[in-house]
Amino acid sequence: MTLFKHWQTLYINVNLATMTDGSESYGEITQAALAISKGKIAWLGKESDLPEHFSVKDDDVEVIDGKGQWITPGLIDCHTHLVYGGNRANEFEMRLQGKSYQEIANAGGGIVSTVTATRKASEQELLASALPRLTALHQQGVTTVEIKSGYGLDTLNEIKMLKVAGLLADELPVTIKRTFLGAHALPIEYKDNAEGYLDVVCEEMLPQVVSENLADAVDVFCEGIGFSLEQTKRVFDAAQSYNLPIKVHAEQLSNLGASELAANYNALSSDHIEFLDETGIKAMKKSGMTAVLLPGAFYFLRETQLPPIELLRKHQVPMAVATDANPGTSPIHNIHLMLNMACTLFRLTPSEALAGITCYGAKALGLSESKGQLAVGYDADIALWNINQPAELCYQFGVNPLSRLMQNGQQVLMNESA
């Protein structure tokens with residue numbers, strides 16, 4: 001199949017990891033070629049099967065010799081909290097000195113400290129602090145990122161965070177998907193009045209977020225230290241009334257049944273899910289949800305309860321992988337490290353892990369029809385890697401093998417040293 005008669009760019013002498021949903025392994029095509037037109041993938045296949053009408057001498061087409069390197073879809077980080085004020089390095093040090101969570105909280109630490117710093121910061125200050133984090137991911141081949149709010153915890157500052165997330169898309173050629181996470185935690189002013197705070201979330205914050213078109217989805221932290229099932233349902237109902245897709249932080253520390261609840265709303269994903277049970281997994285499968293694995297938080301918090309990987313495989317629930325980049329529990333902005341951790345800590349295969357930041361990362365964001373795969377008609381978000389096999393992307397980190405990165409058919413990064 002060929003999309004468009006005229007091509008703008010053609011990669012030859014490449015190998016393709018198509019990462020097509022449901023494909024075996026990486027969906028490999030070796031000794032391949034890939035054509036781009038109007039920001040879309042127009043053709044791909046064996047180089048020997050290039051259409052007869054096309055000539056690599058065609059002056060209208062930029063021909064790029066991939067020199068036997070590998071092309072994957074642009075990478076997708078489907079769960080981050082990139083926009084926030086301050087940092088919590090002092091708490092990291094305090095924990096290692098033996099301070100308890102309560103002692104740190106009593107000293108003004110925890111999420112309260114991030115909320116305070118975020119509220120104090122201007123839009124420009126938040127933008128300036130978030131940009132290096134996003135730049136780090138982009139330079140590793142990430143072309144799509146989800147960014148959540150949740151550190152403002154009042155209308156003014158939740159709106160501010162979402163606006164900054166949108167401004168990041170003007171700073172770097174990255175697709176940004178914004179998620180409203182007003183129900184992340186209780187702010188100090190509502191510490192004994194969860195229902196009163198949810199009044200604000202559902203009746204004040206959410207309508208304004210919708211009126212200003214600031215969010216692509218709504219998320220809730222459903223947990224013993226977050227919000228109950230009934231409270232979560234209240235936010236889901238409000239989101240559903242505005243036709244906004246739903247996501248959920250669920251089953252990270254206990255099993256409250258939040259994934260099963262989210263499945264009733266045809267949610268996009270359930271994230272963390274270390275304590276998820278088979279009932280919840282079956283509900284996720286039935287509703288077409290994605291399980292988002294966050295090995296960085298598991299590592300940073302020294303958790304011991306592994307996600308139910310075998311049950312997710314058994315019921316064929318797609319598994320995405322993301323950084324969960326945030327100041328408190330996963331201050332990590334390295335997608336390659338997540339690939340390695342997904343394999344070493346959670347025992348995913350390299351092909352499963354890579355699917356987790358391509359086709360299934362896209363699925364977790366509702367983008368499975370346009371991103372995350374090398375397929376005709378998909379957005380030409382593609383990464384060229386100086387590797388001998390796709391598993392190398394999971395095998396090592398700290399050395400960046402990215403040669404070129406294209407976003408919507410336009411070259412946005414080139415690394416000649418790779």
Side-chain angles (χ1 to χ4, degrees), residues 79 81 101 105 110-112 115 148-155 157-158 162 179-210 215-292 294 297 305 307-308 317 324 326 328-329 364:
H79 181 132
H81 305 253
Y101 177 86
I111 194 173
V112 171
V115 172
K148 302 178 190 295
S149 65
Y151 293 120
L153 304 186
D154 63 20
T155 303
N157 289 290
E158 286 293 299
L162 291 167
T179 298
F180 171 57
L181 182 58
H184 190 195
L186 286 178
I188 289 179
E189 56 269 30
Y190 284 93
K191 66 176 183 177
D192 297 317
N193 185 10
E195 294 302 325
Y197 178 63
L198 289 180
D199 287 343
V200 177
V201 170
C202 297
E203 298 170 18
E204 182 178 312
M205 292 186 194
L206 188 54
Q208 189 167 337
V209 167
V210 171
D216 303 291
V218 173
D219 198 347
V220 179
F221 181 41
C222 183
E223 189 55 77
I225 60 172
F227 295 90
S228 70
L229 272 182
E230 281 303 312
Q231 291 164 344
T232 299
K233 184 178 185 300
R234 183 177 172 190
V235 179
F236 286 176
D237 286 337
Q240 192 174 61
S241 72
Y242 290 106
N243 295 315
L244 276 172
I246 288 163
K247 302 171 72 68
V248 65
H249 283 61
E251 280 78 65
Q252 181 182 9
L253 305 174
S254 62
N255 186 353
L256 299 184
S259 297
E260 186 176 2
L261 173 67
N264 293 333
Y265 289 82
N266 295 312
L268 289 171
S269 70
S270 182
D271 303 30
H272 286 291
I273 53 99
E274 280 88 340
F275 285 83
L276 179 63
D277 61 16
E278 191 164 14
T279 299
I281 290 172
K282 288 179 178 179
M284 289 177 66
K285 173 62 177 179
K286 185 176 180 180
S287 68
M289 288 173 64
T290 300
V292 178
L294 303 171
Q305 175 76 28
V317 173
D324 192 18
N326 75 74
T329 62

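Here the CG atom belonging to Leu276 is positioned 4.5 Å from the OG atom belonging to Ser259, to the nearest 0.5 angstrom. Taking CG of Leu256 as the reference point, atom OG1 of Thr232 lies at 8.0 Å (rounded to 0.5 Å). Atom OG of Ser254 and atom CD1 of Ile225 lie 9.0 Å apart (nearest 0.5 Å). Between atom CG of residue Leu268 and atom NZ of residue Lys247 there is a gap of 5.5 Å, rounded to the nearest 0.5 Å. Annotation: the span from Thr155 atom OG1 to Glu203 atom CD amounts to 11.0 Å, rounded to 0.5 Å. A distance of 10.5 Å separates CD in Gln208 from CG in Leu162, rounded to the nearest 0.5 Å.
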Check step by step if side-chain contact (heavy atoms from CB on, under 4.5 Å) holds for Val317 and Met289. CA-CA 7 Å; Val317 173; Met289 288 173 64; 5.9 Å; no
Is there a side-chain contact (heavy atoms from CB on, under 4.5 Å) between Gln231 and Glu195? Walk through the geometry before answering. CA-CA 8 Å; Gln231 291 164 344; Glu195 294 302 325; 3.2 Å; yes
Full working for side-chain contact (heavy atoms from CB on, under 4.5 Å) between Asp154 and Val200: CA-CA 8 Å; Asp154 63 20; Val200 177; over 6 Å; no
From CA spacing to verdict: side-chain contact (heavy atoms from CB on, under 4.5 Å), Leu181, His249: CA-CA 10 Å; Leu181 182 58; His249 283 61; 3.9 Å; yes
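Counting only heavy atoms from C-beta outward, the side chains of Ile273 and Gln252 never approach each other to under 4.5 Å. Tyr197 is listed as a side-chain neighbour of Leu153, based on a closest heavy-atom distance under 4.5 Å. The shortest distance between side-chain heavy atoms of Phe180 and Val210 does not fall below 4.5 Å. With a 4.5 Å cut-off on side-chain heavy atoms, Leu229 and Cys222 count as touching. Annotation: side chain of Phe227 is not in contact with side chain of Val235 (no heavy-atom distance under 4.5 Å).
In terms of heavy atoms, Glu251 sits closest to Ser270 at OE1-OG, 4.4 Å. For the residue pair Ala183 and Leu198, the shortest heavy atom distance occurs at CB-CD2, 4.4 Å. In terms of heavy-atom proximity, Ala217 sits nearest to Leu244 at N-CD2, 4.2 Å. Between Val218 and Leu206, the shortest heavy-atom distance links the atoms CG2-CD1, 4.0 Å. Between Glu260 and Gly280, the closest heavy-atom pair is CB-CA, 4.4 Å. In terms of heavy atoms, Ile246 sits closest to Ala239 at CG1-CB, 4.2 Å.
In this structure Phe275 satisfies the ring-ring contact (aromatic ring centres under 6.0 Å, His included) test with no other residue, sequence neighbours excluded. Applying the ring-ring contact (aromatic ring centres under 6.0 Å, His included) rule to Phe236 yields the partners Tyr265; only residues at least two apart in sequence or on another chain are considered.
Each of Glu278, Met284, Lys286 was evaluated against Lys282; a single residue qualifies, Glu278, per the side chain to side chain contact (heavy atoms under 4.5 Å, CB included) test. Each of Glu223, Gln305, Glu274 was scored for a side chain to side chain contact (heavy atoms under 4.5 Å, CB included) with Leu253, with one residue passing: Glu223.
One N or O on the side chain of His184 and one on the backbone of Gly150 form a donor-acceptor pair closer than 3.5 Å.
Remark: the His79 side chain and the Asp324 side chain contain an N/O donor-acceptor pair separated by less than 3.5 Å.
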